[in-house]
J.: 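Next up is a structure, given as structure tokens.
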Number of protein chains: 2
Amino acid sequence: MATIYDVAKLAGVSPATVSRVFNGASVSEEKAAAVRQAAAELKFVPNRTARSLRRQSSEVIALVIPDIENPYFTEMARGVEDVASEAGYSVVLCNSDARIDKEQAYLRIAILEQMSGVILAASSDRTDLEDLLRAGRPVVAVDRGTSYDIDRVVMANRDAGRAATQQLIDAGCTRIAHIAGPEHIETAAERVGGWRDALEAHGMPVPTELLRFSSFRVDGGREAMAELLALPEPPDAVVAGNNLLGVGALQVLTERGLTPPAVGVSVIGSLPFTTLSPDVVTVVRLPARDMGITAARMLLERIGGVDEPARTVTLQGELQPAIAR
Amino acid sequence: MATIYDVAKLAGVSPATVSRVFNGASVSEEKAAAVRQAAAELKFVPNRTARSLRRQSSEVIALVIPDIENPYFTEMARGVEDVASEAGYSVVLCNSDARIDKEQAYLRIAILEQMSGVILAASSDRTDLEDLLRAGRPVVAVDRGTSYDIDRVVMANRDAGRAATQQLIDAGCTRIAHIAGPEHIETAAERVGGWRDALEAHGMPVPTELLRFSSFRVDGGREAMAELLALPEPPDAVVAGNNLLGVGALQVLTERGLTPPAVGVSVIGSLPFTTLSPDVVTVVRLPARDMGITAARMLLERIGGVDEPARTVTLQGELQPAIAR
DNA sequence: ATGAAAGCGCTAACAA
DNA sequence: TTGTTAGCGCTTTCAT
């Protein structure tokens with residue numbers, strides 16, 4: 001691997017000049033050409049590690065998500081990656097497994113590896129960003145907020161919950177359950193709010209026994225749905241709090257021969273790998289990729305030194321109603 | 001951030017001794033204790049960038065996969081990550097998008113960032129590993145081989161294809177189609193071989209018009225399934241070459257009211273987010289997580305200097321038959 | 001077992 | 001504009 005010194009010697013200039021050429025500082029066109037020529041000849045590429053050590057920062061950003069197997073987050077990851085790699089940054093994808101200790105470990109690594117910044121879908125509202133922020137690394141929150149005053153990109157969760165529920169009301173359902181995510185996660189709580197709103201707006205009672213908090217996972221959806229069906233008065237419809245809960249609920253319904261529209265189903269989030277006809281399940285599509293793109297752009301701005309007050313971008317879901325029944 | 005010098009001063013030793021303590025070299029228990037004490041007091045953590053520069057390698061491995069949105073690969077990624085992080089390595093997940101140019105770009109970055117090694121699910125059989133191998137970075141191939149003589153972990157694709165097909169034959173199907181992945185991808189070709197094997201073993205003709213090569217994606221499965229159904233003599237069963245092709249095929253069948261067992265379906269790979277009852281679709285589960293675990297272990301061995309001839313590990317799929325009809 | 005010192009490849013003051 | 005030089009924080013000879 002050729003170094004900056006090899007190039008300098010071959011081009012007949014100082015190492016500093018070579019560095020300047022590769023960093024866009026002002027260099028006479030003549031020397032710049034010589035440097036480029038020499039660099040090409042030696043197949044020189046700057047050593048990123050050395051640069052990081054000297055600059056005290058590297059062109060790497062961390063993306064910390066709670067579940068790498070959830071298509072919602074991988075879709076977001078693609079958005080982040082597209083923007084980042086366009087700008088010459090690498091993305092390190094970190095799977096916190098929704099565990100605060102693993103998350104913390106990754107955030108530590110982000111500091112140690114001198115990463116330029118972090119995009120974080122926090123595992124809980126007690127995530128500790130002190131060290132990171134003290135080290136001057138910008139952090140952008142995605143999907144869920146944190147307890148810090150930082151940039152964030154979130155979904156219009158309440159609206160999504162309302163729209164999903166509304167659709168079932170319009171279809172004539174009267175006992176509408178809601179399988180929600182963990183109570184302490186902001187997104188879950190907001191979607192519950194939307195479900196409540198829609199019911200109240202129609203003068204319908206808010207049936208607490210039909211509200212189930214669960215994990216944002218398939219098995220959580222399965223359990224909750226099974227419980228709901230075991231009720232003396234089971235629901236005639238259900239709003240799933242995210243894509244995986246929707247899958248779990250639909251699996252249980254299918255197994256019992258209650259495939260929609262036998263029981264109405266609305267899902268907040270997309271069902272990318274479902275085999276159901278899109279006609280029978282209402283989906284509020286959440287623009288995960290856009291969320292990733294937006295977050296990455298904001299982070300790059302912060303890395304670039306933008307210094308305005310913390311911003312919040314809220315993305316709207318898109319209602320894809322089941323065909324009216 | 002405290003440096004090794006700060007610790008040395010506080011502990012009353014030389015920087016070299018501090019380094020030795022953190023690298024397991026022999027140091028008197030007395031001084032070692034003093035160093036640990038001082039390090040704890042200063043919250044010292046070694047700067048990884050400096051170490052990488054000095055050592056000319058970093059504790060990072062790259063995992064390059066063709067489709068980050070495919071659950072098969074994210075499941076594998078988890079396996080890799082679990083092993084790697086256990087050993088103190090970070091994993092950089094790179095999505096090549098099945099494009100050889102993006103893949104090449106990531107492999108370049110792996111060299112530049114002095115990553116310790118690469119786990120690669122190659123986008124094609126023409127992937128160029130010259131630079132990487134010349135730079136002495138070990139590479140382990142997963143899922144698919146490469147044209148190089150390196151360690152690899154693959155699935156028993158032919159067996160999987162055979163088992164999936166066999167199951168449909170046992171169920172009494174007589175016109176069994178196969179929707180395969182891209183012809184030039186090893187895994188796809190091998191699975192086709194298995195399909196062929198099973199048919200021939202039963203003295204059944206191998207119906208070329210029922211073999212479709214496609215992309216390993218949902219839309220590919222949809223197109224192929226639609227074409228098959230449009231045939232004058234459509235198939236009464238289909239073997240899907242991977243999980244996404246299976247989803248696509250099932251979507252089309254469902255939309256046309258041909259949900260299995262109306263048409264028999266076997267899928268090579270799992271359907272994690274399907275809402276179908278597992279009773280009606282045969283699945284040959286592929287142990288993706290194990291593949292990741294195995295590959296990561298092999299890579300770490302190579303990084304550690306193991307120098308034996310290239311090894312190949314073949315993992316068996318697990319037949320999960322639909323309930324006999 | 002320990003310390004002194006060189007240097008990994010680059011960038012950024014400072015001088016010229 | 002250009003070159004000289006001093007590190008960034010660590011590891012690793014080479015002495016002792």
Side-chain angles (χ1 to χ4, degrees), chain A residues 1-36 38-39 42-60 88 108-109 111-116 135-137 305, chain B residues 1-36 38-39 42-60 88 108-109 111-116 135-137 305:
Chain A
M1 284 278 122
T3 76
I4 216 170
Y5 289 94
D6 304 326
V7 177
K9 194 178 293 174
L10 183 58
V13 301
S14 77
T17 300
V18 178
S19 171
R20 289 187 184 108
V21 170
F22 280 87
N23 290 285
S26 58
V27 173
S28 73
E29 192 41 59
E30 185 186 11
K31 304 220 170 196
V35 167
R36 270 189 285 270
L42 297 171
K43 291 187 180 171
F44 166 77
V45 265
N47 180 314
R48 300 240 228 159
T49 309
R51 164 182 291 190
S52 299
L53 179 59
R54 179 61 230 236
R55 288 237 198 116
Q56 304 283 54
S57 104
S58 69
E59 271 104 30
V60 176
R108 254 172 48 91
I109 289 178
I111 299 177
L112 295 183
E113 295 275 2
Q114 331 236 47
M115 296 183 191
S116 297
R137 307 296 172 190
Chain B
M1 286 278 123
T3 75
I4 217 170
Y5 290 94
D6 303 327
V7 177
K9 195 178 292 174
L10 183 57
V13 300
S14 76
T17 300
V18 178
S19 171
R20 290 187 184 109
V21 169
F22 279 87
N23 289 284
S26 59
V27 173
S28 73
E29 192 39 61
E30 185 187 10
K31 302 220 169 193
V35 167
R36 272 189 283 270
L42 297 172
K43 291 186 183 174
F44 167 77
V45 264
N47 180 315
R48 302 241 230 157
T49 309
R51 164 181 292 190
S52 299
L53 179 59
R54 180 60 228 240
R55 289 239 197 114
Q56 304 283 56
S57 104
S58 69
E59 270 102 28
V60 176
R108 255 173 47 90
I109 289 178
I111 299 177
L112 295 183
E113 294 276 2
Q114 331 234 48
M115 296 182 191
S116 296
R137 307 298 174 190

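Everything quoted here is computed from the prediction, not taken from an experiment. Each chain gets a letter, A, B and so on, in the order its sequence line appears, and its residues count up from 1. Any value given below was found using the heavy atoms of this structure, including those in side chains, with hydrogens, waters and symmetry copies removed.
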J.: Is any side-chain N or O of Thr17(B) closer than 4.0 Å to OP1 or OP2 of dG3(C)?
T.: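 Yes, such a contact exists.
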J.: How close do Ala32(A) and Val21(A) get, counting heavy atoms only, and between which atoms?
T.: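 Smallest interatomic distance, heavy atoms only, reads CA-CG2, 4.0 Å.
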J.: If the cut-off is 4.0 Å, is Asn47(A) near the phosphate of dC8(C), judged by side-chain N/O to OP1 or OP2?
T.: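 Asn47(A) to dC8(C) OP1/OP2: no side-chain N or O under 4.0 Å.
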J.: Taking CG from Asn23(B) and P from dT12(D), how many angstroms apart are they, rounded to a whole number?
T.: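 Rounding to the nearest Å, CG of Asn23(B) and P of dT12(D) are 7 Å apart.
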J.: Applying a 4.0 Å non-hydrogen cut-off, can you work out what Arg48(A) is touching in the nucleic acid: base, sugar-phosphate, or nothing?
T.: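 The residue Arg48(A) makes no contact with any strand.
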J.: Nearest to the Ala16(B) side chain among dT2(D), dC10(C), dG3(C), which nucleotide is it?
T.: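 For Ala16(B), the side-chain atoms sit closest to dG3(C).
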J.: Quickly work out the Glu29(A) CD to dT1(D) P distance and round it to whole Å.
T.: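 That distance rounds to 12 Å.
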J.: How close or far is atom P of dT11(C) from atom CD of Gln114(A), stated in whole angstroms?
T.: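 Nearest whole value for this atom pair: 14 Å.
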J.: Once rounded to the nearest 0.5 Å, what's the spacing between atom CG of Asn23(B) and atom CZ of Arg51(B)?
T.: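 The CG atom of Asn23(B) sits 5.0 Å away from the CZ atom of Arg51(B).
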J.: Assess the side chains of Ser52(B) and Gln114(B): does a donor N or O sit below 3.5 Å from an acceptor N or O?
T.: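 No, Gln114(B) and Ser52(B) have no side-chain donor paired with an acceptor closer than 3.5 Å.
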J.: Please work out if Phe22(B) contacts a base, only the sugar-phosphate, or nothing of the nucleic acid, heavy-atom cut-off 4.0 Å.
T.: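 No contact at all - Phe22(B) keeps every heavy atom at 4.0 Å or more from the nucleic acid.
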J.: Taking only the side-chain nitrogens and oxygens of Thr49(A), find out if one of them lies under 4.0 Å from OP1 or OP2 of dC8(C).
T.: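 No, Thr49(A) has no side-chain N/O under 4.0 Å of OP1/OP2 on dC8(C).
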J.: Using a cut-off of less than 4.0 Å, is there contact between a side-chain N or O of Ser14(B) and OP1 or OP2 of dT2(C)?
T.: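 No.
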J.: Taking NZ from Lys9(A) and C1' from dC10(C), how many angstroms apart are they, rounded to a whole number?
T.: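 The distance from NZ of Lys9(A) to C1' of dC10(C) comes to 17 Å, rounded to the nearest Å.
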J.: Could you pull out the closest heavy-atom pair between Leu53(B) and Leu53(A), with the gap in Å?
T.: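 Taking Leu53(B) first and Leu53(A) second, the nearest heavy atoms are CD2-CD2, 3.4 Å.
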J.: Using whole Å, what does the distance between atom C1' of nucleotide dA6(C) and atom CG of Leu53(B) come to?
T.: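 After rounding, the reported distance stands at 13 Å.
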J.: By nearest heavy atom, map Thr3(A) and Ser28(B) onto DNA chain C; which one lands nearer the 5' end?
T.: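 The 5'-side residue here is Ser28(B).
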J.: Does the side chain of Gln56(A) get closer than 4.0 angstrom to OP1 or OP2 of dG9(D) through an N or O atom?
T.: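 Yes, within the criterion.
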J.: Would you mind reading off the distance between Arg51(B) atom CZ and dG9(C) atom C1', rounded to a whole angstrom?
T.: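 Distance check: Arg51(B) CZ to dG9(C) C1' gives 19 Å.
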J.: Mind checking Ser19(B) for me? I need base, sugar-phosphate or nothing, with any heavy atom below 4.0 Å counting as a touch.
T.: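 Since a base atom lies under 4.0 Å of Ser19(B), the category is base.
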J.: Under 4.5 Å between any side-chain heavy atoms of Ile109(A) and Arg48(B), yes or no?
T.: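 They are in contact (side-chain heavy atoms under 4.5 Å apart), so the answer is yes.
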J.: Given atom CD1 of Ile4(B) and atom C1' of dG9(D), what is their separation to the nearest angstrom?
T.: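 Nearest whole value for this atom pair: 7 Å.
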J.: Nearest to the side chain of Lys31(A), which nucleotide is it out of dT1(D), dG3(D), dA12(C)?
T.: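 Taking heavy atoms from C-beta onward, the closest nucleotide is dG3(D).
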J.: Tell me: CZ of Arg20(B) to P of dT12(D), nearest whole Å?
T.: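 About 10 Å, once rounded to whole Å.
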J.: Nearest nucleotide by nearest heavy atom, which residue falls closer to the 5' end of DNA chain C, Ala32(B) or Arg54(B)?
T.: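 Result of the comparison: Ala32(B).
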